[in-house]
Amino acid sequence: MKIFQLICNLIIRRSMPDLFTYYEGELKDFIAEALITKDTLLKRVISTATESLVNDLQDMGITIDETYRHTLDNSAVRHAIKSHGSPKEVLRGQIPITDDDLMRIPEIVSSYEALTTEKNKRGQDVIIYTKTMDDGITFYVEEIRLGRHELAASTMYKRKKDDSPTLID
């Protein structure tokens with residue numbers, strides 16, 4: 001039965017058109033392109049999962065390995081900027097996300113200070129990374145996509161520290 005499922009999956013994958021295109025350029029260029037590209041799905045690999053992430057998730061009951069890749073797609077970039085990048089974030093006690101914050105994703109996933117997991121609306125496991133930066137506390141959220149071995153960006157937001165400046169300041 002398992003062999004039959006593998007063969008069916010292979011046939012389906014070969015008959016389906018590519019659902020996305022991997023972006024090969026620099027992260028900064030990808031972010032700029034992601035903000036304007038709406039008709040196709042662009043995806044960029046940020047890095048592979050670190051051994052410490054694999055171990056931390058294992059301690060939380062989630063099993064992945066070093067073949068999992070952190071990915072960012074244009075939909076996630078647009079969501080983060082549209083939902084968490086406006087001056088309205090100040091009213092929520094948050095700091096608006098900028099392109100520069102998105103550029104720090106590799107740093108966040110490689111040297112997070114705290115890590116939590118929960119389920120999203122679809123029941124998928126998500127990882128929430130927390131890292132204190134000079135301008136506030138950044139929260140970066142990824143979905144765990146088992147089939148593609150991806151840790152896919154979902155959203156990002158920042159909260160001010162006690163001494164963080166805001167747009168009102």
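For the single chain, residues carry numbers from 1 onward in sequence order. Side chains included, hydrogens not; waters and symmetry mates left out as well; all remaining heavy atoms used. The model shown is predicted, which means the values in this text are computed figures rather than measured ones.
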**Message:** Within the supplied structure, the quantity of interest is the number of heavy atoms (other residues, nucleotides, ligands) at a distance under 6.0 Å from E26 CD; does it exceed 12?
**Reply:** no

**Message:** If you compare all heavy atoms of P87 against all heavy atoms of P96, which two are closest, and at what distance to 0.1 Å?
**Reply:** CA-CG, 4.1 Å

**Message:** With heavy-atom distances below 4.5 Å as the criterion, would you say the side chains of T155 and I97 are in contact?
**Reply:** no

**Request:** Kindly give the heavy-atom pair with the smallest separation between I105 and M156, and that separation in Å.
**Result:** CG1-CE, 3.8 Å

**Message:** Taking salt bridge (charged side-chain N to carboxylate O under 4.0 Å, His left out) as the cut-off, I'd like each qualifying pair that reaches into residues 69-90, sequence neighbours left out, listed once.
**Reply:** R69-E150, E89-R92

**Item:** Pairwise distance CD(E142) to OG(S154) - rounded to 0.5 angstrom
**Value:** 9.5 Å

**Qualifying residues under ring-ring contact (aromatic ring centres under 6.0 Å, His included), relative to Y129, sequence neighbours excluded** = Y112, Y140

**Message:** Just to verify, what does E113 make a salt bridge (charged side-chain N to carboxylate O under 4.0 Å, His left out) with, not counting sequence neighbours?
**Reply:** none

**Message:** Within the 4.5 Å heavy-atom criterion, are V54 and E66 side-chain neighbours or not?
**Reply:** yes

**Request:** Go through T71 and I46 one step at a time and tell me if the side-chain contact (heavy atoms from CB on, under 4.5 Å) criterion holds.
**Result:** CA-CA 5 Å; T71 61; I46 302 295; 5.9 Å; no

**Item:** D134 with R104: basic N within carboxylate O range, under 4.0 Å
**Value:** yes

**Prompt:** Shortest non-hydrogen contact from L102 to L27?
**Reply:** O-CD2, 4.1 Å

**Asked** Is L115 close to I127 at the side-chain level, that is, under 4.5 Å between some pair of heavy atoms?
**Response** yes

**Item:** Geometric cation-pi criterion, R159 with F139: 6.0 Å, 45°
**Value:** yes

**Fill in**
Closest non-hydrogen atoms of I64 and A49, given as atom of the first, atom of the second and distance, are CD1-CB, 4.1 Å

**Asked** How long is the gap from OG on S47 to CG on L72, to the nearest 0.5 Å?
**Response** 11.0 Å

**Item:** Trace of the salt bridge (charged side-chain N to carboxylate O under 4.0 Å, His left out) decision for E24 with R44
**Value:** CA-CA 7 Å; E24 299 294 329; R44 187 175 187 288; over 6 Å; no

Identify every side-chain donor-acceptor pair in residues 28-42 under 3.5 Å, counting partners at least two apart or on other chains, and give the distances.
unit_1 : atom_1 : unit_2 : atom_2 : d
E33    : OE2    : T37    : OG1    : 3.0
T37    : OG1    : E33    : O      : 2.9

**Prompt:** Quick one: are I144 and L151 in side-chain contact, heavy atoms under 4.5 Å?
**Reply:** yes

**Message:** Which residues pass the salt bridge (charged side-chain N to carboxylate O under 4.0 Å, His left out) test with K119, not counting sequence neighbours?
**Reply:** D125

**Item:** E118: side chain to side chain contact (heavy atoms under 4.5 Å, CB included) partners, not counting sequence neighbours
**Value:** V126, I128

**Spacing of M133 atom CE and I137 atom CD1 [to the nearest 0.5 Å]** = 11.0 Å

**Request:** Taking all non-hydrogen atoms of both residues into account, name the closest pair between A153 and A76 and its distance.
**Result:** O-CB, 3.4 Å

**Complete:** In this structure, CG of D135 is separated from CG of D100 (nearest 0.5 Å) by 9.5 Å

**Distance-only polar pair, side chains of T98 and D101, donor-acceptor under 3.5 Å** = yes

**Message:** Side chains of T132 and K161 only: does a donor on one sit below 3.5 Å from an acceptor on the other?
**Reply:** no

**Asked** About how many Å separate CD of Q94 and OG1 of T138, when rounded to the nearest 0.5 Å?
**Response** 11.0 Å

**Prompt:** If you take all heavy atoms of H70 and T48, which pair is closest and at what distance?
**Reply:** CD2-O, 3.7 Å

